[in-house]
Amino acid sequence: MYREITIQEALKQQNALLIDVRSEEEFNRATIPGAVNIPLFNNEERAEIGTVYHQEGPEPARRLGLKLVAPKLPAKIDSIDKISNGQKLIVFCWRGGLRSQFMASILDTMGYSVSRIVGGYKAYRHYVNEYFNREELTQKAVVLHGLTGVGKTEALLGLAQRGLPALDLEGLARHSGSVYGKIGLPPSPSQQAFESELVCFFNAVGEKGLFIVECESRRVGNLILPPPLLKSMEKGYKVLLYTSLENRVKRIREVYTKGPGENIPQLQEATRSLEKRLGRARVEELNSLLSKRDFDSVFTYLLSKYYDPLYRYPDGPSPEYDLSVDTKDMEKAVQELTCFIQNLPEYEHTDLGRYSQWKSAKN
């Protein structure tokens, strides 16, 4: 007989495979991080069953569901056989209803060690909401500040490669934050999926640990940062990154022209969105320069005339920050950041072993 477990118990399980039996549409919208989708019914079948349920009642809907799923059960079991690799199975649906009950029973009959999450994905959403239902996080933030192009994301990824708990909000959001933020990037996740990834990260770090993050506003693209995360960032250690305008322009060019045709049509379209701020004539001039591949002139203008006055960060060392780092040599900068972080009192409380395991499993 399969076991029924809470979402808290499920998240603590080692060597377990999470199986989301909801439809592809439900799964793509958001799921428990790490879960695989073995849908009991596809999108169309789910809609058909729902129509029968509302028009004729639960019994005809259940019979239709059985008729639709029965021929496909061997293929579904074969799919699970191929990916289970001896792991325990944890099954869930939307609210812990008939879909997960049915699949858990079948898998139990086939000899698998199976558990089913009470309350399903809805219980997980309640867990995530409760996690962020606080004034601020218990973890301490190390926040990277600096003008556009100083290499905040590059530094963050460099720290992550050294095994430090770096939270790449722009990477999770698939949006680099600027007007050019979506160029060359896949669609952003849903708000629910974004929040789920954040909770997994903080659980891996530990309640009293620290994390490194780039300074962000309330929104990253269309996604909203949870208030307690913003509060912790406001109260965290402040690190200023700086370098010359020439180096910043070079970094911006390398990031945003890396694509087919150097992304010129996308860059021009994004630049048009600045028309209200820069004026039509200026935007047309910038787009003309882009068409001529004069990227340095465009990015130099945007940095010095638009982004720098907007963010107003110092362009050199400042006593207002806990640490100031020149990013001209990024490898050297990452080393300096690493030494600073490892000497912070919260560092010893960071669960680096658990974080490393979570990161390895995620990758």
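- Within the 4.5 Å cutoff, no side-chain heavy atoms of Glu284 are placed close to those of Asn287.
- Among residues two or more places apart in sequence or in another chain, the ring pair (Phe, Tyr, Trp, His ring centres under 6.0 Å) test is passed with Tyr256 by Tyr180.
- Ion pairing between Arg174 and Asp168 fails under the 4.0 Å rule for side-chain N and carboxylate O.
- With a 4.5 Å cut-off on side-chain heavy atoms, Ile19 and Val21 count as touching.
- The number of heavy atoms from other shown groups lying within 6.0 Å of CD (Gln191) is above 12.
- A search for side-chain hydrogen bond (donor to acceptor under 3.5 Å, both in side chains) contacts involving Tyr306 returns Arg277, not counting sequence neighbours.
- With sequence neighbours excluded, the residues satisfying ring pair (Phe, Tyr, Trp, His ring centres under 6.0 Å) with His145 are Tyr313, Tyr321.
- A donor atom on one side chain and an acceptor atom on the other are found under 3.5 Å apart for Asp20 and Thr31.
- Residue pairs meeting the side chain to side chain donor-acceptor pair (under 3.5 Å) criterion with at least one partner in residues 64-77, sequence neighbours excluded, are Glu45-Lys72.
- Remark: side-chain polar atoms of Thr138 are paired, donor with acceptor, to backbone N or O of Glu207 under 3.5 angstrom.
- The closest donor-acceptor contact from the side chain of Arg248 to the backbone of Thr148 lies under 3.5 Å.
- A salt bridge does not link Lys258 with Glu254: none of the charged nitrogens is closer than 4.0 Å to a carboxylate oxygen.
- The shortest side-chain heavy-atom distance between Val205 and Leu210 does not fall under the 4.5 Å cut-off.
- The aromatic rings of Phe295 and Phe299 sit parallel to each other, their planes meeting at less than 30°, with 60° as the upper class boundary.
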Name every donor-acceptor pair, under 3.5 Å, that has one atom in a side chain of residues 238-245 and the other anywhere in the protein, sequence neighbours excluded.
{"unit_1": "Thr243", "atom_1": "OG1", "unit_2": "Asn247", "atom_2": "ND2", "d": "2.9"}
{"unit_1": "Ser244", "atom_1": "OG", "unit_2": "Asn247", "atom_2": "N", "d": "3.2"}
{"unit_1": "Ser244", "atom_1": "OG", "unit_2": "Asn247", "atom_2": "ND2", "d": "3.2"}

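- Residue Leu89 is grouped with residue Phe102 when hydrophobic side chains (ILVMFWY) are merged at heavy-atom distances under 4.5 angstrom, including chains of intermediate members.
- Residue-environment remark: NZ (Lys250) stays at or below the threshold of 12 foreign heavy atoms within 6.0 Å.
- For residues 3-15, the salt bridge (charged side-chain N to carboxylate O under 4.0 Å, His left out) pairs, not counting sequence neighbours, are Glu4-Arg116.
- Between Arg62 and Glu59, at least one side-chain nitrogen of the basic residue sits less than 4.0 Å from a carboxylate oxygen of the acidic one, meeting the salt-bridge criterion.
- Residue Tyr121 is tested with Gln192, Glu26, His126 for a side-chain hydrogen bond (donor to acceptor under 3.5 Å, both in side chains); the sole match is Gln192.
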- request: Step by step, work out the side chain to side chain contact (heavy atoms under 4.5 Å, CB included) result for Leu198 and Leu169.
  value: CA-CA 9 Å; Leu198 292 177; Leu169 291 171; 3.7 Å; yes
query: Checking side-chain hydrogen bond (donor to acceptor under 3.5 Å, both in side chains) for the pair Ser176/Glu170: CA distance, chi angles, key distance, verdict?
result: CA-CA 5 Å; Ser176 62; Glu170 293 182 355; 5.3 Å; no
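- Lys208 and Gln139 share no side-chain donor-acceptor pair at under 3.5 Å.
- No continuous path of hydrophobic side-chain contacts links Leu352 to Leu157 [ILVMFWY only; heavy atoms under 4.5 Å].
- Within the 4.5 Å cutoff, the side chain of Ser291 has heavy atoms near those of the Gln268 side chain.
- Not a single donor-acceptor pair under 3.5 Å links the side chain of Thr327 to the backbone N or O of Gly151.
- Applying the side-chain hydrogen bond (donor to acceptor under 3.5 Å, both in side chains) rule to Gln101 yields no partners; only residues at least two apart in sequence or on another chain are considered.
- Here ring pair (Phe, Tyr, Trp, His ring centres under 6.0 Å) pairs that include residues 53-75, with residues two or more places apart or in two chains, number zero.
- Under the rule for a ring pair (Phe, Tyr, Trp, His ring centres under 6.0 Å), Phe41 has no partner lying at least two apart in sequence or in another chain.
- More than 12 heavy atoms of other residues, nucleotides or ligands shown are found within 6.0 angstrom of NZ on Lys88.
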Side-chain donor/acceptor pairs under 3.5 Å, residues 77-87, sequence neighbours excluded:
{"unit_1": "Ser79", "atom_1": "OG", "unit_2": "Ala75", "atom_2": "O", "d": "3.0"}
{"unit_1": "Asp81", "atom_1": "OD1", "unit_2": "Tyr112", "atom_2": "OH", "d": "2.3"}
{"unit_1": "Ser84", "atom_1": "OG", "unit_2": "Ile80", "atom_2": "O", "d": "3.2"}
{"unit_1": "Gln87", "atom_1": "NE2", "unit_2": "Ser84", "atom_2": "O", "d": "3.0"}

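- When atom types are taken as modelled, the side chain of Arg218 and the backbone of Ile224 share no donor-acceptor pair closer than 3.5 angstrom.
- Looking only at side-chain heavy atoms (C-beta outward), Leu172 and Leu167 come within less than 4.5 Å of each other.
- Atom CZ of Arg95 is surrounded by 12 or fewer heavy atoms from other residues, nucleotides or ligands within 6.0 Å.
- Residue pairs meeting the ring pair (Phe, Tyr, Trp, His ring centres under 6.0 Å) criterion with at least one member in residues 205-235, sequence neighbours excluded: Phe202-Phe211.
- A side-chain donor from one of Asn43 and Ser23 sits under 3.5 Å from a side-chain acceptor of the other.
- Side-chain polar atoms of Thr300 and Lys305 form no donor-acceptor pair below 3.5 angstrom.
- For Ser196 (side chain) and Pro33 (main-chain N/O), no donor-acceptor pair under 3.5 Å exists by modelled atom type.
- With hydrogens and angles disregarded, a donor-acceptor distance shorter than 3.5 Å links the side chain of Thr51 to the backbone of Ala47.
- Partners of Tyr311 under the side-chain hydrogen bond (donor to acceptor under 3.5 Å, both in side chains) rule, at least two apart in sequence or in another chain, do not exist in this structure.
- Checked by atom type and distance alone, the side chain of Thr271 pairs as donor or acceptor with a backbone atom of Leu267 at under 3.5 Å.
- The closest side-chain heavy-atom distance from Phe92 to Met103 is not below 4.5 Å.
- For the pair Arg134 and Tyr131, the cation sits on the ring face: its NZ or CZ lies under 6.0 Å from the ring centre, inside 45° of the axis.
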